[in-house]
Every structure is written in structure tokens, then in C-alpha cells.
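Everything on this sheet refers to the single structure shown next.
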Number of protein chains: 4
Amino acid sequence: MDFNEKQIQILKVAEKLFAEIGFDGTSVRHIAKEADVNVAMISYYFGSKEKLLEALLLYRVADFKMELETVMVQNLPHVEKLDALVSLMVNRIHRNRRTHKIINYEYTNTCRQIDFDAYVEQKRDSLGIIEAFVKDGQNKGVFKTDVHTKLLGATVIGTYFQVYNNKPFYKKLLELDSDEAFENYMLTSLTQHIQQTIKSLLLNEK
Amino acid sequence: MDFNEKQIQILKVAEKLFAEIGFDGTSVRHIAKEADVNVAMISYYFGSKEKLLEALLLYRVADFKMELETVMVQNLPHVEKLDALVSLMVNRIHRNRRTHKIINYEYTNTCRQIDFDAYVEQKRDSLGIIEAFVKDGQNKGVFKTDVHTKLLGATVIGTYFQVYNNKPFYKKLLELDSDEAFENYMLTSLTQHIQQTIKSLLLNEK
Amino acid sequence: MDFNEKQIQILKVAEKLFAEIGFDGTSVRHIAKEADVNVAMISYYFGSKEKLLEALLLYRVADFKMELETVMVQNLPHVEKLDALVSLMVNRIHRNRRTHKIINYEYTNTCRQIDFDAYVEQKRDSLGIIEAFVKDGQNKGVFKTDVHTKLLGATVIGTYFQVYNNKPFYKKLLELDSDEAFENYMLTSLTQHIQQTIKSLLLNEK
Amino acid sequence: MDFNEKQIQILKVAEKLFAEIGFDGTSVRHIAKEADVNVAMISYYFGSKEKLLEALLLYRVADFKMELETVMVQNLPHVEKLDALVSLMVNRIHRNRRTHKIINYEYTNTCRQIDFDAYVEQKRDSLGIIEAFVKDGQNKGVFKTDVHTKLLGATVIGTYFQVYNNKPFYKKLLELDSDEAFENYMLTSLTQHIQQTIKSLLLNEK
DNA sequence: GATGAATGAGTATTCATTCAT
DNA sequence: GATGAATGAATACTCATTCAT
């Protein structure tokens with residue numbers, strides 16, 4: 001849970017490389033070289049390549065852990081709270097997009113023996129908070145009731161990753177000619193699109 | 001383009017394994033064993049592991065190619081046509097979910113030297129057809145105009161894959177206790193959710 | 001001994017490739033492709049790669065077989081006959097330089113199970129003829145007697161191959177800027193040098 | 001340039017095997033086994049089989065580097081100096097005959113991507129020294145002038161290798177019934193023959 | 001605590017050859 | 001007689017990990 005400087009250095013490089021070229025595609029040599037540490041150090045610190053990934057999950061999953069609560073307790077109209085919620089989710093995913101991408105890659109990998117419990121638990125918590133909020137809105141008649149509440153999160157995150165995972169395609173489609181422009185688009189127009197999507201689904205009237 | 005029986009056998013096994021344990025994680029030995037062919041045969045038929053993946057893309061991408069047109073030409077009200085369109089997209093993705101998953105994994109892999117042109121072209125075509133349809137609906141006043149038309153596809157596909165890529169999580173969340181139940185859910189409730197999402201975004205009145 | 005057209009085609013390609021990239025470095029696939037025949041044909045015609053080399057030796061060794069005799073029987077002064085002899089040797093080696101090079105490579109290869117008897121026999125014959133001629137000259141007082149007669153051949157052939165095997169080096173050293181110029185040099189100046197060398201060794205007076 | 005004990009062990013085995021069965025014919029497994037080291041060690045130490053050969057060249061080429069100078073500076077009559085020079089060349093080649101043989105094999109191999117610059121440079125240096133010595137002798141009227149000075153080296157080395165590369169043939173021809181006898185012959189009679197050859201070419205009077 | 005050296009198991013690919021047709 | 005398809009064995013090399021120091 002508490003990593004020293006060199007460990008964090010390794011974790012960051014690993015996160016980058018795992019996201020860019022996959023878990024299997026990344027060799028510990030590559031990580032070691034990029035992080036400017038000895039190869040043996042990775043086994044020494046983390047035990048194995050798989051345990052390094054688990055350490056990375058632990059390191060990042062803490063960050064996934066919600067500021068959702070902080071939004072929830074605010075005294076805002078449901079609509080605005082909904083926007084804030086979506087915006088927060090996108091921001092959080094964006095911040096940890098690399099680790100999320102790795103998880104998306106590896107979570108269903110049948111061969112890997114990696115402990116995703118922390119991730120799953122956190123995901124369940126998040127969705128629980130959202131579900132409760134939606135229920136509340138529905139009870140108060142602000143939100144529609146004929147909605148697959150449990151799937152709302154999938155739409156938010158899924159839309160984000162569909163664009164992120166097809167970055168070169170969408171850069172061309174949306175005429176974004178730099179990585180900065182793309183990144184900026186993700187945090188403005190794409191976020192807006194997702195907010196609009198969720199609001200359309202939930203709000204009774206325009 | 002025209003593969004013999006053994007080649008198709010290899011392609012199918014490769015598709016399955018690539019989707020399950022990743023491109024790097026899958027060894028040609030593994031494919032050969034599972035497909036019950038000699039290891040050398042894969043190099044013999046496809047040249048290399050990477051070219052095998054390219055062959056798989058070519059083999060499947062033809063199938064991606066649209067029945068979209070067939071829906072477009074039907075004389076249906078816009079709303080129903082929209083539902084049909086989404087349903088078709090989900091079905092098509094579902095049918096080729098494995099290859100799509102591989103693409104999602106590998107497309108942004110900076111190290112891989114694989115030709116995704118056919119995929120990109122097909123994706124562009126699909127989105128073009130959808131965009132044209134939405135434009136038409138907007139012109140006729142049936143669809144709203146304040147919508148990120150180019151992102152609609154991402155929401156459809158993204159939602160699907162977010163659930164599919166987190167299958168164990170959603171199986172538990174949605175209390176689906178078998179793979180069949182999950183599969184069935186994808187093609188009914190999930191499809192319905194996505195249809196509803198897109199309609200909410202586009203339709204002027206409930 | 002009597003090869004058909006396709007076999008000769010294969011032999012010629014094999015000779016070229018064996019000389020250029022070595023016996024081990026040359027694959028039967030490469031030969032087959034270059035000779036524009038089916039891969040299986042080589043095994044079919046010659047039995048194996050090693051037997052192909054043996055066939056090549058048989059095919060060429062016949063050509064080594066002397067016109068030496070024809071020079072011997074001519075009624076020429078010893079000095080001129082000596083020049084003619086050296087010139088003939090160089091020409092003959094040059095014509096079959098590729099096969100000779102292969103032999104030089106492979107003859108001492110301890111692992112290879114190739115029959116070099118024909119080559120050895122021919123070599124012995126050649127040297128025998130030369131030795132007899134030199135003996136004759138010595139008896140007649142034209143040639144010196146304090147000479148390692150058995151090594152004369154090695155000096156002739158060795159000088160040739162030392163230049164040929166270091167072609168790029170000697171091209172630069174001798175300022176020969178084309179393969180034609182090099183080839184021409186081998187047959188004029190180099191031949192002359194070798195003639196001069198042998199004459200210096202054998203003749204009593206300048 | 002500075003190799004540890006195990007590296008030298010590998011280099012020596014590689015030199016032997018490359019000379020005996022060729023570069024392509026020698027597998028890294030074979031080298032590893034003979035040198036009694038792990039296969040991976042060869043890649044670990046040298047990077048690749050080709051780089052191993054380059055390392056070998058570097059390791060040996062230093063040894064090629066002349067004691068020629070030491071002979072040159074001695075205050076000896078030209079004739080004796082010439083004998084000493086030839087003797088030195090033969091000795092040096094003999095000592096490194098294996099590496100020289102490999103070079104003779106591989107230098108003109110069009111496919112190989114190996115850096116022979118060090119070898120070429122050393123060869124040029126050697127020939128340069130010899131050429132200068134011969135020029136000096138010619139100026140002083142001791143050596144003949146109608147000689148292909150640049151080809152003298154080829155005759156020395158070529159004669160040596162023609163015998164060495166046909167060892168089984170010459171063993172029989174010269175009735176040398178052991179490897180020791182052959183080796184001894186190379187350093188006495190053969191050397192003498194080469195000395196005599198060069199002297200015959202260069203000296204004005206008997 | 002940290003690491004250079006070392007390794008056994010694994011990788012994709014290529015090889016010469018065989019065999020059914 | 002000739003060949004496309006197929007294969008077991010071998011190739012060089014890379015892998016994550018271990019261990020002596």
C-alpha cells in the first residue's frame with residue numbers, strides 16, 4: 001500500500017507500457033530499462049510480473065475510490081447533480097484511463113491468475129451509489145422509472161473507452177490534429193455528449 | 001479471402017484464443033494444439049502470427065459489412081428504423097464480438113505492425129450511413145439537432161463492450177447465473193437499453 | 001552423369017547459391033524458387049541436399065578433367081609449355097571457380113558426409129601430370145631441382161583463390177571499379193603474376 | 001575488447017566450430033554444449049550469433065596486428081629480412097588459421113551482415129608495410145622491378161591456405177601420417193617453399 | 001538491501017524431407 | 001513422373017525469474 005519512490009517509478013512505467021503494448025507484450029526488461037532500474041529489482045520488489053500488476057491495481061484503485069460521495073452530499077438539484085456525477089466519473093476514468101484500459105484487457109483473461117477483487121468491489125460501490133441516487137430521483141418523480149439503472153454506468157464508461165480505444169480513428173473523424181486537441185475533446189465535448197445521453201435517459205421533460 | 005477448411009479451423013481457434021487470452025498471450029503452439037494441426041502449418045498457411053491476425057481481420061471484416069443498407073432502404077417510420085438500426089448493430093457486433101475485442105485491444109498498440117485499414121474503412125462506412133440517416137431525420141424534424149451525431153456509434157458499441165468486457169462483474173450484478181442467460185441478456189435487455197438510450201437522445205418527444 | 005534439362009537448371013542455381021551463401025546458408029527452398037521448380041523436385045531428383053552437392057561435383061568435375069594432356073603433347077619449348085600450363089590451370093579454375101570454392105569450403109568440413117573422391121582423384125591426376133612435366137624439365141636441365149614440386153599447384157591455385165575470396169578487398173586495392181574489370185584482371189595480370197611466379201621458381205636463368 | 005574467462009571460452013569453441021563446420025553449420029546449441037555453458041549465455045554475452053562472430057574477429061584481429069614492424073626495423077640484409085617477413089606472415093596466419101579460414105568463407109558471403117572493417121584495415125596495413133619494403137629494395141637495386149608487388153601477399157597466404165584447406169589431400173600426397181607431421185610440414189617445408197617462391201620473384205640473382 | 005550474472009523454459013519461425021495424389 | 005500439402009525436428013533468440021554476492 002505504501003510504496004517507496006523507486007517502486008512508484010516502476011509502477012508508473014509499468015502502467016504506461018501495459019496500457020500501450022499490453023501486459024504480455026511488455027517485458028520486465030523493458031519496464032526496468034525505461035524505469036532505469038535493475039531487472040532483478042522488479043522481482044525483488046513485487047515478486048513477479050503478475051504481482052506487479054496487482055500492485056499497480058492497488059496503487060490506482062485507491063484513486064478510483066470515490067469523490068462520488070462528496071457530490072452526493074451536496075445540496076444541488078437532481079439535474080445538476082447528475083451532470084456533476086457524470087463529469088466526475090469521466091474525469092476519474094480519464095485520470096486513470098491507462099489502468100482502466102489494462103483492467104478491461106485483462107479482467108476477462110481466463111488464463112491470468114490476478115486478483116481483481118479490489119477493482120470489482122470499487123466498481124460495485126460506485127454503481128451502488130449511482131443506483132441509490134437514481135432511485136431517489138425516481139422516488140421524487142424527477143427521473144424516469146423505465147430505465148435500466150444498472151446499465152447507466154456501462155454507457156458512461158463504455159462510450160468513453162470506445163472513443164479512447166479507437167483514438168486514431170476518432171482523431172481523424174473528429175478532425176482533431178493533435179493529442180492535446182483529442183484530450184481536450186474527451187474532457188469537453190465527449191463529456192457533454194455523455195451527460196446529455198444520461199440526462200435524456202433519465203429526465204422526464206426536456 | 002478464400003480460405004480452405006483447415007485455414008478456417010485455425011482462424012476460428014485463433015479468434016477464440018486471441019479474444020480470451022490476448023494476442024501476445026496466445027502462442028502459435030497453443031493455437032496449433034487447439035486446432036489440432038501441426039505448429040508449422042500456421043507459418044505455412046499464414047506466414048506469421050501477425051499475418052494470421054490480419055487474415056482473421058480480413059475473414060471477419062467482410063461479415064461486419066453492412067446489412068445496414070438493407071435497413072435503410074426499408075420504408076419504415078424513423079423511430080422504428082432507429083430501433084432496427086441499433087438492434088442490427090448490436091447483433092452484428094455480438095456475432096463478431098471476439099474479433100472486435102481483439103481489435104479494441106490491438107488497434108492502439110503502438111508496437112504492433114498490423115494493417116487495420118479494412119476495419120477502419122468499414123467503421124467509417126457504418127458511421128457514415130448512420131450519420132446520413134440521422135441528418136435525414138433531423139431535416140424532417142423527427143430527430144433533435146443538438147446531438148453529437150458522430151458519437152452515437154461510440155455509445156452503442158461502447159455500452160455493449162463495457163458489459164461484455166466485464167462479463168463476470170455484470171453476471172453477478174444482473175444475477176445471470178449462466179453464460180446462456182448472459183448472452184440472452186445481451187441480445188434482449190442490453191439491446192433494449194441501448195435502443196432506449198439512442199432514442200432518448202434523438203427523439204423530440206417521448 | 002547424364003542430367004536432364006531441369007536437373008541442370010537446378011545444378012546451376014545450386015552452384016551459384018552454394019558459392020555465394022554457402023552450402024548450409026542455402027536452403028532447398030531458395031534453390032527451388034530461383035530455379036523455378038517445385039521444392040519437392042530437388043529431393044525427388046537428387047535424393048537430398050547433400051546428394052545434390054555430390055551431383056554438382058560429378059557434373060563439374062568432368063570439366064576439371066584435363067586439357068592438360070593436350071598441352072603436354074604439344075611440341076613446345078619448356079618455358080612456353082610452362083606458361084601454357086599455368087594459363088590453362090587458371091582458366092580452368094576460373095571457369096569452375098564456384099564449384100571449386102564450394103569444395104574449398106566443404107572438403108575439410110568434418111561433419112559433412114560427402115563423397116569427394118572424384119575431386120581428389122582428379123586433383124591427384126592433375127598434379128601428377130604437372131610433376132611429370134617438371135621432372136622432365138629438370139632431367140633436361142631446363143628447370144631447377146631444388147623446388148617443392150608437389151607444392152607448385154598449391155601456389156597457382158592458392159594465389160588465384162586468395163584474390164577471388166577477397167574480391168571486395170582486391171577490387172579496392174587494385175582500383176578495379178567493376179566486376180568486369182576484376183574478372184579481366186584475374187585472367188590477365190593475375191595470370192601473368194602466377195606464370196611469372198612459377199617461372200621464377202623453376203627456370204635456371206632469367 | 002576485454003572479455004571475461006567464460007566469454008573467451010565461448011569464443012575459442014566458436015572459432016573451432018566455425019572453422020570446422022562453417023558459420024551456418026554451427027548452431028549456438030553446439031557451441032554452448034562444447035563450451036559447457038547455457039545456450040542463453042551466448043545471446044546474453046554477445047547478443048546474437050552474428051555478433052559472436054564479430055566479437056571473435058575483434059578478439060583475434062588484434063593478434064593479426066603486426067609484429068611486421070619489428071622485423072622491418074631490424075638491421076638485416078634485404079634477403080634475410082624478406083625471409084623473416086614471409087616466415088612471420090606464415091606463422092601469424094598459422095596461429096590464427098581458424099579465424100582466417102572463417103573470414104575467407106564469410107567475407108564474400110553476400111547475405112551476411114557482418115562488419116569486416118577491422119580485418120580489411122589490418123590486411124591493408126600489412127600489405128602496405130610489405131609494399132613499402134619491396135619498393136625500398138627495388139630502389140636500392142636489390143629487388144626486381146617487374147613484379148606485381150600488390151599480389152605478393154596473395155601468393156604467400158594463398159599457398160598456405162590452399163594446402164591447409166585441402167589437408168587430407170596433402171597429407172596423403174606428402175605422406176604425412178599424423179596431424180603433428182602435417183603441422184610441422186606447414187611450418188618448415190611449406191614455409192620454406194613460400195620463402196623460396198617470393199625470393200625467386202624478387203631477387204635479381206640467384 | 002540491491003544487483004550482475006546466469007538459466008531453464010519458452011517463443012516464433014524455418015528447415016529438409018515425405019507422402020498422397 | 002511430378003507436386004502441393006504437410007510435418008517433426010531444429011533453428012536463434014527472449015522470457016521471467018533466481019541466486020551468489
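Bear in mind that the values here come from a model prediction, so they are computed numbers and not experimental data. Chain letters run A, B, ... following the sequence lines, proteins first and then strands; every chain starts at 1.
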Which whole-number value in Å describes the distance from [X] [atom1] to [N] [atom2]?
X     : N      : atom1 : atom2 : result
A:F18 : F:dA16 : CZ    : C1'   : 12 Å
C:H30 : E:dT17 : NE2   : C1'   : 19 Å
B:N4  : F:dA5  : CG    : P     : 8 Å
A:I21 : F:dT14 : CD1   : C1'   : 14 Å
D:L53 : F:dA12 : CG    : C1'   : 15 Å
A:L52 : F:dA16 : CG    : P     : 11 Å
D:Q7  : E:dA5  : CD    : C1'   : 11 Å
B:E50 : E:dA12 : CD    : P     : 11 Å

Legend entry - Nucleotide forming a Watson-Crick or wobble pair with E:dT21, both distances under 3.5 Å: F:dA2
Legend entry - Strand partner of E:dA16, provided both Watson-Crick or wobble distances fall under 3.5 Å: F:dT7
Inset, instruction - Report the residue (C:T26 or D:M41) whose heavy-atom-nearest nucleotide on DNA chain E is the more 5′ of the two. - result: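 On the 5' side of the pair lies D:M41.
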Legend entry - 5′-ward residue of the pair C:G25/C:S43 relative to DNA chain E: C:G25
Just compare [options] and give me whichever is closest to any side-chain atom of [X].
X     : options                : answer
B:A40 : F:dG8, E:dC19, E:dA6   : F:dG8
D:K49 : F:dT18, F:dA6, F:dA12  : F:dA12
D:R29 : F:dA2, F:dA12, E:dT13  : F:dA12
A:V39 : F:dC13, E:dA16, F:dT17 : F:dT17

Inset, instruction - Determine the sole option in B:E34, B:K12, B:R98 for which the side-chain contact (heavy atoms from CB on, under 4.5 Å) test with B:L17 is passed. - result: B:E34
Legend entry - Residue from A:F18, A:F23, A:Y105 passing ring-ring contact (aromatic ring centres under 6.0 Å, His included) with B:Y105: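 Exactly one option meets the ring-ring contact (aromatic ring centres under 6.0 Å, His included) with B:Y105, and it is A:Y105.
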Does OP1 or OP2 of [N] have a side-chain N or O of [X] closer than 4.0 Å?
X     : N      : value
D:S27 : F:dT11 : yes
C:Y44 : F:dT3  : no
A:N38 : E:dA2  : no

Legend entry - D:F46 versus D:K51, closest heavy-atom pair with distance: O-CB, 3.0 Å
Inset, instruction - Specify the closest pair of heavy atoms between A:A118 and A:L58, including all atoms of both residues, with the distance to one decimal. - result: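 So the minimum-distance heavy-atom pair works out to CB-CD2, 4.3 Å.
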Inset, instruction - Decide if the gap between the ring center of A:Y107 and the ring center of A:Y119 is smaller than 6.0 angstrom. - result: yes
Inset, instruction - Please work out if C:F46 contacts a base, only the sugar-phosphate, or nothing of the nucleic acid, heavy-atom cut-off 4.0 Å. - result: nothing
